[in-house]
Protein chains: 2
Amino acid sequence: MSTALPLPPPHDHDATRARLVEAAGEVFAEHGFQAATVREICARAGANIAAVNYHFRDKMGLYDAVLLESICVAKMADLRQLAEQSQTPEIALHQIVNGMLRRMAHAAERGNWHVRIMAHEMAHPTSGLDRVVELAIGPNYSVLRGVIAQIVGLPPHHDVVRLSTHSVIAQVVHWAHARPVISRVWPDLEMTDARLDQIARHITDFSLAALRTFAQESTK
Amino acid sequence: MSTALPLPPPHDHDATRARLVEAAGEVFAEHGFQAATVREICARAGANIAAVNYHFRDKMGLYDAVLLESICVAKMADLRQLAEQSQTPEIALHQIVNGMLRRMAHAAERGNWHVRIMAHEMAHPTSGLDRVVELAIGPNYSVLRGVIAQIVGLPPHHDVVRLSTHSVIAQVVHWAHARPVISRVWPDLEMTDARLDQIARHITDFSLAALRTFAQESTK
DNA sequence: ATCAGATTAAAACAGTTGTTTGAGAGGTGT
DNA sequence: ACACCTCTCAAACAACTGTTTTAATCTGAT
C-alpha cells in the first residue's frame with residue numbers, strides 16, 4: 001500500500017512539506033476531507049505522523065494548503081489568454097472547451113487530484129470553497145461568459161448569456177463528474193485522445209448551434 | 001441536534017426500521033458513507049445504537065437499504081410514461097427536462113437526499129452504484145436516448161445521439177451538482193418556481209436548437 | 001568543538017468509531 | 001400461569017481518529 005519514494009533528503013523543510021501536500025491531495029481526492037486520515041497521508045508521503053501538525057497547524061491547515069496549490073494550478077491554465085489569442089469568439093469557445101475538457105479528463109488519472117477534490121467539495125462543501133471559487137473558478141467563468149456574450153450578441157449580464165454559459169460548463173464538467181455513471185451506461189467507451197477530440201468537437205458544435213439560433217432570435 | 005420524533009410505538013419492527021432508513025439517508029447525504037456515523041443516524045432516528053446492527057447487518061447493510069429505497073423512488077418517477085404520453089419528441093424532451101430538473105432542485109431541500117447521495121457516489125463510488133445505475137439511471141438514460149434519436153433522425157446507437165444525450169443530461173444535473181459553485185458565481189439567484197421554469201425552458205431550447213441543426217446535417 | 005535552531009522520530013494522549021454483548025421488556029400463543 | 005419470539009436498551013469492546021509530548025537528530029554559524 002505504501003509506495004517507495006524518491007528518498008527524502010533529511011531535514012529539508014520544503015521537500016517533506018511538498019511531499020505531504022502531494023500525498024494529501026491524492027488521499028483527500030479519494031476519500032474527501034473527513035474520511036481521509038492523516039496517517040495514510042503521512043505513510044504515502046513517507047513522513048512521520050507529527051509532520052502534519054508541525055508543517056501545517058492541523059489537518060485542516062494541510063487541506064487549505066492542498067486547495068491553495070489547486071488554485072495555483074488552475075490559475076496557470078488561465079482561460080483568458082486562450083480566449084484573447086483566438087481570432088473569433090467561435091474559435092475561442094472551441095479552445096476553451098477543448099482545454100477544460102482535457103484538464104478534466106486527465107484528472108481521473110495519476111497525480112491530477114484537483115478535480116476529484118472539487119467533486120467532494122460539491123457533495124460536502126468546506127470553508128475553503130469560497131477561496132477556490134473567488135480565485136480560480138470565478139475568473140474563468142467570467143471569461144467564458146464574455147465569449148458567449150459576443151457570440152449571441154447580448155450583454156454578459158443577460159439571463160440568456162448566463163444560462164448558456166452554464167449549459168457549456170455543464171457539458172464539459174459532466175465528463176469528469178459523472179464518469180462513474182458514464183462508464184456503466186456506456187461500457188465500451190475509452191477515453192483516448194481521439195475520443196476527447198470528438199467530445200470537445202461535439203460540445204462546441206452542440207453549443208454553437210444553439211447560440212447561433214439565440215443570436216438570430218435576439219436581433220430579430 | 002437531535003430532533004423530536006413522532007413517538008415510536010414500541011416493538012414495531014417496520015417503524016424503527018423505516019425511521020432508520022430515513023435518518024440514514026439524511027446523514028449519508030450530508031457526509032457520505034465513510035464520514036457518516038451510526039451514532040448520529042440513530043440519534044436522529046430516536047433509536048438505540050444497536051438497532052443498526054439488529055435490523056441491518058452493519059453500517060453497509062443500512063447503506064444498501066438506503067440506496068434500495070433511492071432506487072424505488074427513482075423508478076416511481078419513470079420517464080418512460082412521461083415520454084410516451086407526449087405527442088411529439090420535442091414535447092417529450094421538455095417534459096423530461098422539466099421533470100428531472102425539478103426532482104434535482106427539490107433534492108437540496110427537505111427529505112430529498114437521494115440526489116445528494118449520488119453526488120457522494122460520484123466523488124467516491126461504492127459497490128452499490130452498479131445496482132443504482134442498472135435499475136434506476138440506465139433505463140431513464142435509454143428513454144432519453146430514444147427521444148433524442150427521434151429528433152435528430154439517427155439510430156440510438158449513433159455517436160451523435162449518445163453525445164447529445166449526455167449534453168442534455170449534463171445541463172440538467174449541473175443545477176443540482178454544481179449548486180455550491182453556482183450560488184457563489186451567481187449570488188442573487190433564487191430557485192423559485194418561475195426560475196426553474198425558465199431554466200427548464202432554456203435547457204430545452206438550447207438543446208432543441210442544437211439537435212435540429214444536427215438533424216438538418218444528417219439528412220443532407 | 002560548541003551552541004542554537006530547525007526538523008524528525010516514537011510513544012502516548014483523550015476522544016470517537018463500528019460492532020458486540022447480555023440482560024430485559026413487550027406481546028402472543030398455549 | 002408459563003414459555004417463546006421479537007425487539008430495545010445500556011454498557012462495554014477493540015480499533016482507529018487527530019493531536020500532543022518528549023527526546024533525538026541533523027545543519028550551520030560561531
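First the proteins, then the strands, lettered A, B, ... as listed; each starts at 1.
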Which pairs, protein N/O on one side and nucleotides 16-20 of chain C N/O on the other, fall under 3.5 Å?
residue, atom, partner, partner atom, Å
dG18(C), OP1, Ala36(B), O, 3.0
dG18(C), OP1, Val38(B), N, 3.3
dG18(C), OP1, Lys59(B), NZ, 3.1
dG18(C), OP2, Val38(B), N, 3.1
dG18(C), N7, Arg39(B), NH1, 2.8
dG18(C), O6, Arg39(B), NH2, 3.2
dT19(C), OP2, Lys59(B), N, 2.9

Practice prompt. May I ask you to decide if the ring planes of Trp186(A) and His166(B) are parallel, tilted or perpendicular, using 30° and 60° as cut-offs?
Written response: parallel
Discussion item. Could you tell me how far apart Arg17(A) (CZ) and dA6(C) (C1') are, to the nearest whole angstrom?
Written reply: 15 Å
Item to complete: Send over the distance from Tyr63(A) OH to dG18(D) P, rounded to a whole Å.
Response: 15 Å
Discussion item. Does atom CZ (Arg57(A)) have a neighbourhood of more than 12 heavy atoms from anything else shown, all under 6.0 Å?
Written reply: no
Worksheet entry | Atom-to-atom span, OH of Tyr54(A) to P of dA24(D) - whole angstrom | 18 Å
Worksheet item: Can you check whether Thr16(B) has a side-chain N or O nearer than 4.0 Å to OP1 or OP2 of dT8(D)?
Response: yes
Discussion item. With a 4.0 Å limit, can you tell me whether His55(B) has a side-chain N or O closer than that to the phosphate oxygens OP1/OP2 of dT8(D)?
Written reply: yes
Worksheet item: Under 3.5 Å, is there a donor-acceptor pair linking the side chains of His31(B) and His124(A)?
Response: no
Worksheet entry | Exercise: do Gln198(B) and Arg195(B) side chains pair donor with acceptor under 3.5 Å | yes
Worksheet item: Got Val147(B) and Gln95(B) here, is their nearest side-chain heavy-atom distance under 4.5 Å?
Response: no
Practice prompt. Calculate the interatomic distance between Phe28(A) atom CZ and dG18(D) atom C1'; express it in whole Å.
Written response: 11 Å
Practice prompt. Not counting sequence neighbours, which residues clear side chain to side chain donor-acceptor pair (under 3.5 Å) with Ser207(B)? List them please.
Written response: Gln171(B)
